[in-house]
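In what follows, a structure is listed as structure tokens, so that the remarks can point back to it.
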Amino acid sequence: MSESIPQVSIVVPALNEAANLTALAEQIDAALRDRSGGYEILIVDDNSADETRAVCAALGGRFPLRLIVREQAKDGLSGAVLRGFAEARGGILIVMDADLQHPPAKLPELIGALESEAADFALGSRYVPGGSTAEKWGVFRQLNSRFATALARPFAGKISDPMSGFFALRRETYERAQRLTPLGYKIALELMCKARVRQVREVPIHFAERTRGQSKLTLKQQFKYLEHLSRLYDFTFPRASPVVKFIIVLAVSWFVAFGCFVFLKGTGASNAVAPPLAYLAALIVTAIFHTRYVRAQREFIVRKTPWLDFVLISIAEWLACCFTALWVATRVARPTLSDVFVIPFGCATVVRYILRKELLQDVRGLRKEIRTDELT
Ligand SMILES: Nc1nc2c(ncn2[C@@H]2O[C@H](COP(=O)(O)OP(=O)(O)O)[C@@H](O)[C@H]2O)c(=O)[nH]1
Ligand SMILES: [Mg+2]
């Protein structure tokens with residue numbers, strides 16, 4: 001193993017992949033050994049329960065391969081990749097899975113795209129001409145993937161496979177990235193967005209079937225993707241993103257509350273009582289979104305007590321709803337159903353908008369200095 005600095009660092013996140021690592025190292029070596037410049041393989045393991053350590057110790061004697069074990073990491077795949085980058089020495093950084101679903105034979109092409117073309121990011125893609133996948137997905141999984149890709153479009157642009165985990169980038173590009181948050185599986189998307197990558201070259205790959213070990217992709221990870229997207233939107237559109245989120249929460253909460261309102265009217269509730277009761281449902285929906293908001297943005301929220309503020313705002317909204325519902329019920333002659341619902345909900349929403357803007361500032365975005373810092 002040469003002591004000189006390798007040109008290429010291949011970071012491989014691995015969790016219980018001992019059965020795949022030998023073939024992986026052999027195939028990487030076969031693809032790269034004739035290149036000048038040298039390479040290193042960094043296996044980043046999150047305390048696997050299998051023989052990963054023994055296998056890597058043996059492989060370390062045959063190949064320029066190093067094992068990094070994170071004992072108690074909680075930030076999963078993306079965190080493992082960032083840890084690998086922190087220890088990598090090469091000028092070109094590559095990420096690939098350990099399970100041989102990504103073809104090592106394509107490594108020279110990925111590296112070549114960075115070396116010879118203007119590209120600052122090279123992405124192994126299943127969906128460009130020449131690419132393919134061995135995974136047979138049902139209709140639901142396909143729709144899910146299409147939808148996930150569509151949501152990433154605002155920052156991934158026209159890339160056909162932004163969910164890919166097989167990619168290469170120059171060290172300078174990685175170092176340009178601001179505020180990386182290791183969350184979930186989509187580390188390529190995170191890097192492309194936060195490093196504001198412009199030139200992506202997609203290299204067709206065949207995404208092979210996993211023959212050994214098990215997939216770690218869970219439903220929980222898929223939900224994390226939504227939270228990840230929400231952060232990427234905040235980063236890319238610091239002004240518009242909070243406003244759009246406010247509207248989405250409003251729409252969902254009104255929708256649910258309207259269902260409750262219709263139900264309550266069906267049970268004979270009066271015009272003064274049905275709207276305030278239905279508004280409680282709107283508040284519950286909002287609280288669910290608020291939990292995510294506080295979790296994701298706590299460090300950027302100006303106020304130190306976002307939950308107390310939320311409760312105070314909710315009480316104010318609810319009182320506004322109560323009073324206007326009472327007013328409509330007692331003062332408006334022959335109110336229509338929409339008078340009974342829309343007037344109290346509209347007033348409560350105005351209160352919500354003003355107070356959230358003043359107290360939580362989530363309607364006009366994150367703290368100002370963060371916004372300007374992000375815009376530069
Ligand atoms: N270090 C580390 N690696 C992980 C973690 N989760 C998944 N991986 C690795 O990331 C790669 C892709 O995961 P995989 O389960 O194959 O995802 P799939 O191909 O989408 O089914 C594999 O090499 C996994 O071993 C994790 O929490 N920590
Ligand atoms: Mg896999």
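First listed ligand is number 1; within each ligand, the first listed atom is number 1.
The name of the N, O or S atom in Asp99 nearest to the Mg ion (ligand 2) is OD2.
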* **Verdict with reasoning, Val244 to Phe237, per side-chain contact (heavy atoms from CB on, under 4.5 Å)** => CA-CA 10 Å; Val244 172; Phe237 311 104; over 6 Å; no
* To do: Show your working on side-chain contact (heavy atoms from CB on, under 4.5 Å) between Ile111 and Arg35 and close with a plain yes or no.
  => CA-CA 11 Å; Ile111 298 167; Arg35 282 180 51 90; 3.6 Å; yes
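Aromatic rings from Phe167 and Phe121 are positioned such that their centres are separated by under 6.0 Å. Residues Phe261 and Trp254 keep their aromatic ring centres 6.0 Å or farther apart. Checked against a 6.0 Å centroid threshold, the rings of Phe258 and Phe345 do not count as neighbours.
Nearest to atom 10 (O) of ligand 1 by heavy atom, out of Val95, Asp46, Leu77, Leu15, is Leu77. The heavy atom nearest to atom 11 (C) of ligand 1, out of those in Val69, Asp97, Ile68, is found in Asp97.
The protein atom (non-hydrogen) at minimum distance from atom 24 (C) of ligand 1 is Glu17 OE2, 3.2 Å. In terms of protein heavy-atom proximity, atom 21 (O) of ligand 1 is nearest to Ser215 OG, 2.5 Å. Protein heavy atom closest to atom 19 (O) of ligand 1, with residue, atom name and distance, is Gln101 OE1, 2.9 Å. For atom 27 (O) of ligand 1, the closest non-hydrogen atom on the protein side is Gly76 CA, 3.4 Å. Of all protein heavy atoms, the one lying nearest to atom 3 (N) of ligand 1 is Ala14 N, 3.3 Å. Scanning the protein heavy atoms around atom 9 (C) of ligand 1, the nearest turns out to be Pro13 O, 3.4 Å. The protein heavy-atom contact nearest to atom 13 (O) of ligand 1 is Tyr185 OH, 3.5 Å.
No side-chain donor-acceptor contact under 3.5 Å links Glu17 and Ser48. With no hydrogens or angles considered, no side-chain donor-acceptor pair links Arg196 and Thr236 at under 3.5 Å. When only modelled atom types and interatomic distance are considered, Glu190 and Thr181 share a side-chain donor-acceptor pair under 3.5 Å. For the 3.5 Å distance criterion, the side chains of Gln72 and Asn47 fail to qualify, holding no donor opposite an acceptor. For the residue pair Lys265 / Asn271, a side-chain donor-acceptor distance below 3.5 Å is found, with atom types taken as modelled.
The Asp99 neighbourhood of ligand 1 comprises atoms 16 (O), 19 (O), with distances under 4.0 Å to a heavy atom of that residue. Counting the atoms of ligand 1 from 1 in the order shown, those under 4.0 Å from a heavy atom of Arg210 are 14 (P), 15 (O), 16 (O).
Between Glu317 and Arg356 there is no salt bridge, since no side-chain N of the basic residue sits under 4.0 Å from a carboxylate O of the acidic one.
Of the N or O atoms in Phe207, none lie within a sub-3.5 Å distance of an N or O in ligand 1. Considering backbone and side-chain atoms together, Gln214 places no N or O closer than 3.5 Å to any N or O of ligand 1.
At a 4.0 Å heavy-atom cut-off, ligand 1 touches Val44 through the backbone alone. Residue contacts with ligand 1 for Lys216 involve both N, CA, C or O and side-chain atoms from C-beta outward (heavy atoms, distance under 4.0 Å). Contacts of Ala98 with ligand 1, taken as heavy-atom pairs under 4.0 Å, involve both backbone and side chain.
Every heavy atom of Arg70 sits 4.0 Å or more from the atoms of ligand 1.
Metal site remark for the Mg ion (ligand 2): Gln101 contributes an N, O or S atom at a distance under 2.8 Å.
Residues Phe207 and Pro103 form no side-chain contact, since every pair of their non-hydrogen atoms from C-beta on lies 4.5 Å or further apart.
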